[in-house]
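Below: one structure, written as structure tokens.
Convention: sequence-line order gives letters A, B, ...; per-chain numbering from 1. Every heavy atom of this structure was used, including side-chain atoms; hydrogens, water molecules and symmetry mates were not.
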2 protein chains.
Amino acid sequence: MTVTIRDVARASGVHVSTVSRTFSAPHLVNAETRTRVLAVADDLGYRPNRAARALTTGKTHNLGLIVADIANPFFSSLIKAAQAQARLRDYHVFVADTDEDPQVEEELIQAFAKQVDGVLLCSPRLTNKTIERLGEEVPLVVVNRRVKGMPTVLMDVGRGAGLALEHLVALGHRRIALVTGPSGSWTSKEMQTAAATSEADVVFLGPNPPTALGGLSAVTDVLASGATGVLAYNDLVAIGLMEGLAERGTEVPRDLSVIGVDDIVTGRLGSPRLTTIAMPTAAAGRMAVDLLLHSVDAEGAPGVTTLETSLVVRESTGEARR
Amino acid sequence: MTVTIRDVARASGVHVSTVSRTFSAPHLVNAETRTRVLAVADDLGYRPNRAARALTTGKTHNLGLIVADIANPFFSSLIKAAQAQARLRDYHVFVADTDEDPQVEEELIQAFAKQVDGVLLCSPRLTNKTIERLGEEVPLVVVNRRVKGMPTVLMDVGRGAGLALEHLVALGHRRIALVTGPSGSWTSKEMQTAAATSEADVVFLGPNPPTALGGLSAVTDVLASGATGVLAYNDLVAIGLMEGLAERGTEVPRDLSVIGVDDIVTGRLGSPRLTTIAMPTAAAGRMAVDLLLHSVDAEGAPGVTTLETSLVVRESTGEARR
DNA sequence: TTGAAAGCGCTAACAT
DNA sequence: ATGTTAGCGCTTTCAA
């Protein structure tokens, strides 16, 4: 039923290898023959079987991309950039969502192996050890996680958190709550490290799911902490937090200052507009693809790229209430 | 370098077929042999090559899922449900984003063909004709589009739009703006059809990109239309619209009532909370997977499932200003 | 420029 | 229960 290279060969009176060449190395075949083969192929509705091709060439021209939550705008921005960059290089990107579950993450990497030429691991929840092991089955590039001997793209969120904390301190905040993210998160750890050097008195609240719901459920703790400023794990958490605060009659930034991380578009809408640490997601996506494509054919020393973050001050931060 | 079934066979002193069975039909092989083979395989770091396996079995145990915009919560909700359902059936889902570009959409379907057992096309931008043609290369299930002879999941947005319009009319609105979506969109067309039977005077404004930005840029037209009520293509558009309205000092719902479509979580946050038509995205995702899996092995009459929508009244709609 | 033949890694009858 | 053999659809030497 499915038409193969052999059918085309028979119908056009040439050998299979000629048909093969017509598709994978057209310049090696006589113009006339090529036209004829192409015509017959089109007529028969022939389509090269990419999986079979990959079996011999070892190249699928596909990339896998794994994220913890496809619904998080932070990831979708990265995904879009990665796709665009891959497209430029004649590659396709297949995305999979782990739903924050490390086991699913591992399973997906296995599923991707041999079906793609490499996979991008974004903010993985797996342990470094597991990642290293999986790296032997399929080329990996890791985003926002430091893994020994593996090509890596980092966003300097530690620096950003430092800036955010300084901003809060400058506004007179002395007690600050850090609403942390999932336990496996490198980003979360970086933020905690940055907090340790702050002049302010920082209390850690977490771990929390990295979602609006996570923020919403942290409201009570934040209120109880006595903090006048909050640095949230990400914008989603910050937005959920502000929503909960509004329900309790706590006004932002009058009663409490809130800072998020990521600079997702939702934070720029509504009121108050969110002060946040902007993450270079698009650049990271492009970078990761290039690193991966490079590591696929060139076997050199794995690169570590660190991208800068920046503080975007909007309306959710203000003078500490005294 | 990459360890194959043959290496394992040699190292464990059995034939390749025994090794094959150990992995694909363990019950057919002696317990002792199995343990030994497994041990050797583990030792050598052997991993079955899923692509090669697919070549002989014809089954990859992967599903493709194509959406226009991965960043749209409407799609991510559907994707999550589809993934969960597929997981139940021992399948993996690979997602790809077309960026609203029909040509990319076609390319991606081609890329998926032979690497997955079927693909879910969500709110496609391709023409029916093209979809039908591609359906011959790989099993397809279409969501929110009626394609002849193809398994389909529909969400009854026409009905929902009717309800929304009635709600507006009941509040005294006589002139209503319908902010339409992309031109290839079936949903958009359904809404227009529903609008045609409304008692109110409905003006069509569009096409618009189905994003917050699209809504933002429609503000001027909406204001100029003289409408007192708006039905937007989706929640994202509605949110962008409300943002733009706020900037111009137009208050919702006092000066203008706004209704969206999808019931994304962002619409439930902030103020005013969005009145919207809830779409059964999760059910659609599950349904689509089951239809696809069914059409993969059973060749029956393609089913068309229509899912109900409902109107969720929140704070963005109110009495028409007189 | 084209053909012949081997093989990518695996599975699936069919034998034994 | 295990081995033999053929072959999935394609690419790629090597010869002609």
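Rounded to an integer number of Å, the gap from CG of B:N49 to C1' of D:dC8 is 13 Å. Atom CD of B:Q115 and atom C1' of D:dG9 are 13 Å apart (whole Å). Per the geometry, CZ belonging to A:R50 stands 13 Å off C1' belonging to D:dC10, to the nearest Å. Between B:E137 atom CD and D:dG9 atom P the separation is 15 Å, expressed in whole Å.
Not a single salt bridge (charged side-chain N to carboxylate O under 4.0 Å, His left out) links A:R21 to another residue, sequence neighbours left out. In this view, B:R47 and A:E137 satisfy the salt bridge (charged side-chain N to carboxylate O under 4.0 Å, His left out) rule, not counting sequence neighbours. With sequence neighbours excluded, no residue satisfies salt bridge (charged side-chain N to carboxylate O under 4.0 Å, His left out) with A:E190. Annotation: ring pair (Phe, Tyr, Trp, His ring centres under 6.0 Å) contacts of A:H61 (sequence neighbours excluded): A:Y91. With sequence neighbours left out, the salt bridge (charged side-chain N to carboxylate O under 4.0 Å, His left out) criterion links A:K189 to no other residue.
Annotation: the terminal axes of the helix from C:dT1-D:dA16 to C:dT16-D:dA1 meet at 30°, where each axis is the rotation carrying the C1' atoms of four end pairs onto the next four (5 pairs per end, rounded to 10°).
Each side chain to side chain donor-acceptor pair (under 3.5 Å) pair with one or both residues in residues 140-151 of chain B, not counting sequence neighbours, appears once here: B:N128-B:R145. Applying the side chain to side chain donor-acceptor pair (under 3.5 Å) test to pairs two or more places apart or on separate chains, those with a residue in residues 104-115 of chain B are A:N62-B:Q115, A:R87-B:E107, B:E106-B:R133.
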Side-chain donor-acceptor contacts of residues 63-78 of chain A below 3.5 Å, not counting sequence neighbours, with atom names and distances?
from  : atom 1 : to     : atom 2 : distance (Å)
A:D69 : OD1    : A:A71  : N      : 2.9
A:D69 : OD1    : B:K80  : NZ     : 2.8
A:N72 : OD1    : A:F74  : N      : 2.9
A:S76 : OG     : A:N72  : O      : 3.4
A:S76 : OG     : A:P73  : O      : 3.3
A:S77 : OG     : A:T281 : OG1    : 2.6

Tell me which donor-acceptor pairs under 3.5 Å the side chains of residues 50-57 of chain A have, and how far apart each pair is, sequence neighbours excluded?
from  : atom 1 : to    : atom 2 : distance (Å)
A:T56 : OG1    : A:R53 : O      : 3.0
A:T57 : OG1    : A:R53 : O      : 3.0
A:T57 : OG1    : A:K59 : N      : 3.1
A:T57 : OG1    : A:K59 : O      : 3.3

What is the per-nucleotide protein-contact pattern of nucleotides 11-16 of chain D, from the 5' end, where B denotes a base atom under 4.0 Å from a protein heavy atom, S denotes such proximity for sugar-phosphate atoms only, and - denotes neither? BBB---
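Within the 4.5 Å cutoff, the side chain of A:I5 has no heavy atoms near those of the A:V8 side chain.
Residue B:R47 is classed as a sugar-phosphate contact, given heavy-atom separations below 4.0 Å to backbone atoms only.
Panel note: side chain B:D101, backbone B:T98; no donor-acceptor pair is recorded below 3.5 Å.
From the 5' end on, the contacts that DNA chain C makes with chain A at under 4.0 Å to a non-hydrogen atom open and close at C:dT1 to C:dG9.
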